[in-house]
Amino acid sequence: MKKKMISALLSAVMATALLTGCQDAADSGAAEDATVVDTAFANGKKVGVSMPTKELQRWNQDGSNMESELKAAGYEVDLQYASSDIQTQQNQVKEMISEGCDVLVIAAIDGSSLGEGLDMAKNAGIPVIAYDRLLMDSDAVSYYATFDNYMVGTVQGTYIKDALDLDNAKGPFNLEMTAGDPGDNNAGFFFNGAYDVLKPYIEEGKLNVVSGRTSFEECATPGWMAETAQARAEEILASCYADGTDVDVWLCSNDSTALGVENALAANYSGKYPIITGQDCDIENTKNMIAGKQSMSVFKDTRTLARRVVRMVGQILSSQPVDVNDTATYNNNVITVPSYLCEPVFADINNYRELLIDSGYYTEDQLK
Ligand code: BGC
């Protein structure tokens with residue numbers, strides 16, 4: 001069973017690599033030569049790093065990894081968090097530009113909200129790297145670095161398919177789905193990646209979405225907030241599962257939404273505990289994975305992404321060709337942004353220790 005799952009995941013990974021034109025899916029070597037510029041070159045160069053919020057765990061890690069990697073490479077860093085407030089992020093970006101940064105790295109709260117700042121950057125000749133989330137509706141975006149977002153969804157969908165043995169089991173199984181923030185371009189990729197795997201089984205009736213909510217819009221979670229996902233899950237449990245019907249599986253696009261669903265189940269549900277997916281390997285979710293309350297997550301090592309972006313910054317500022325491995329997938333409604341997609345990794349109770357503790361991502365104590 002385990003072997004089968006690994007091989008299915010592997011073929012999903014390979015298929016997506018082919019689909020996205022990914023030439024270097026393994027992201028090998030990024031760690032070793034991430035800082036292509038020497039300290040002398042970087043000296044005096046300032047990088048503005050705009051992060052969406054400290055409220056969701058991963059951005060703290062992304063911000064601090066970016067800051068330490070950039071500083072180690074010799075750059076000055078202006079790191080700002082925008083408290084999930086679009087206006088604050090707009091102001092912070094404009095300030096970074098007027099205070100004279102040489103490159104901007106932006107993880108947007110809402111991908112379509114930074115047009116004015118991006119225009120300012122373009123006029124000032126400041127290259128912009130979209131960090132993890134694509135910046136939409138603008139031709140001022142120079143590069144995009146992210147994890148392969150469609151592949152994240154494929155890994156989640158394939159996990160469900162294998163865990164329920166959908167090709168052989170009789171079913172039907174009850175499925176609910178919780179997706180991400182409609183303002184985040186990634187959210188659709190995650191949802192579609194998973195849905196494309198599950199769709200045939202939904203269509204043949206082997207997977208039954210009892211709430212009837214199957215579109216991204218019906219499943220979305222504004223702001224990716226756990227509380228919002230929890231409220232929606234409570235409403236679904238009350239209206240569709242209060243009569244003792246079991247929910248067999250709950251697809252959650254990421255860990256903050258999975259946490260909301262897990263909280264809703266703990267408070268309002270006593271049936272068979274469902275399979276639950278996630279993404280990010282947040283601390284709370286990894287603890288839940290260890291406790292059997294979440295089945296899997298997708299690990300996106302933020303250290304890898306930070307190194308990749310520092311490498312991009314160095315290549316841009318030293319006028320070298322910038323490494324990208326996807327020039328087809330990420331159209332932001334104005335241009336197709338040359339992208340570097342890092343590879344997301346499947347995580348569960350069996351491999352979390354190696355991935356997260358042995359690699360130094362978390363200490364053992366953080367997961368207690
Ligand atoms: C990221 C995910 C994250 C989500 C909420 C997305 O843009 O790609 O890793 O879970 O935002 O923070």
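Atoms within each ligand, like the ligands themselves, are counted from 1 in listed order. No experiment lies behind these values; they were computed from the predicted model shown.
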With a 6.0 Å cut-off (strictly less than), is the heavy-atom count around NZ of K293, excluding the residue itself, greater than 12?
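Not buried by this count: 12 neighbours or fewer within 6.0 Å.
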Tell me the nearest of E55, R58, M225 to atom 2 (C) of ligand 1, using heavy-atom distances.
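Of the listed residues, R58 has the closest heavy atom.
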Indicate yes or no for a side-chain donor-acceptor contact from T336 to the backbone of N331 under 3.5 Å, with no hydrogens or angles considered.
no
Does the cation-pi check pass for K54 over Y81, that is, NZ or CZ under 6.0 Å from the six-membered ring centre and within 45° of its axis?
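Ring-cation test returns yes.
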Does the residue F147 have a heavy-atom contact with ligand 1, meaning some pair of atoms that are separated by less than 4.0 Å?
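It does not; every heavy atom stays at 4.0 Å or beyond.
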List the closest protein heavy-atom neighbour of atom 12 (O) of ligand 1: residue, atom name, distance to the nearest 0.1 Å.
W59 NE1, 2.9 Å
So which heavy atom in the protein is nearest atom 4 (C) of ligand 1, and how far is it from that ligand atom?
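The closest one turns out to be W224 CE2, 3.6 Å.
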Output the list of atoms in ligand 1 that are nearer than 4.0 Å to some heavy atom of [X], sorted by atom number.
| X | answer |
| --- | --- |
| D132 | 1 (C), 6 (C), 7 (O), 8 (O) |
| R133 | 4 (C), 5 (C), 6 (C), 7 (O), 11 (O), 12 (O) |
| F190 | 8 (O) |
| K300 | 1 (C), 2 (C), 8 (O), 9 (O) |
| D184 | 6 (C), 7 (O), 11 (O) |

Would N254 count as a polar contact of ligand 1, with the cut-off being nitrogen or oxygen pairs under 3.5 Å?
yes
Backbone or side-chain N or O of D280 under 3.5 Å from ligand 1 N or O:
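N/O-N/O distance below 3.5 Å exists for this pair.
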Can you find a heavy atom in the side chain of K46 that is under 4.5 Å from one in the side chain of E99?
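Result yes, sub-4.5 Å side-chain heavy-atom pair found.
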Using 4.0 Å as the upper bound for N to carboxylate O, is an ion pair formed by [Y] and [X]?
| X | Y | answer |
| --- | --- | --- |
| R133 | D184 | yes |
| R213 | E176 | no |
| E204 | K199 | no |

Given F299 and Y361, is the ring pair (Phe, Tyr, Trp, His ring centres under 6.0 Å) satisfied, shown in steps?
CA-CA 11 Å; F299 181 45; Y361 200 72; 4.7 Å; yes
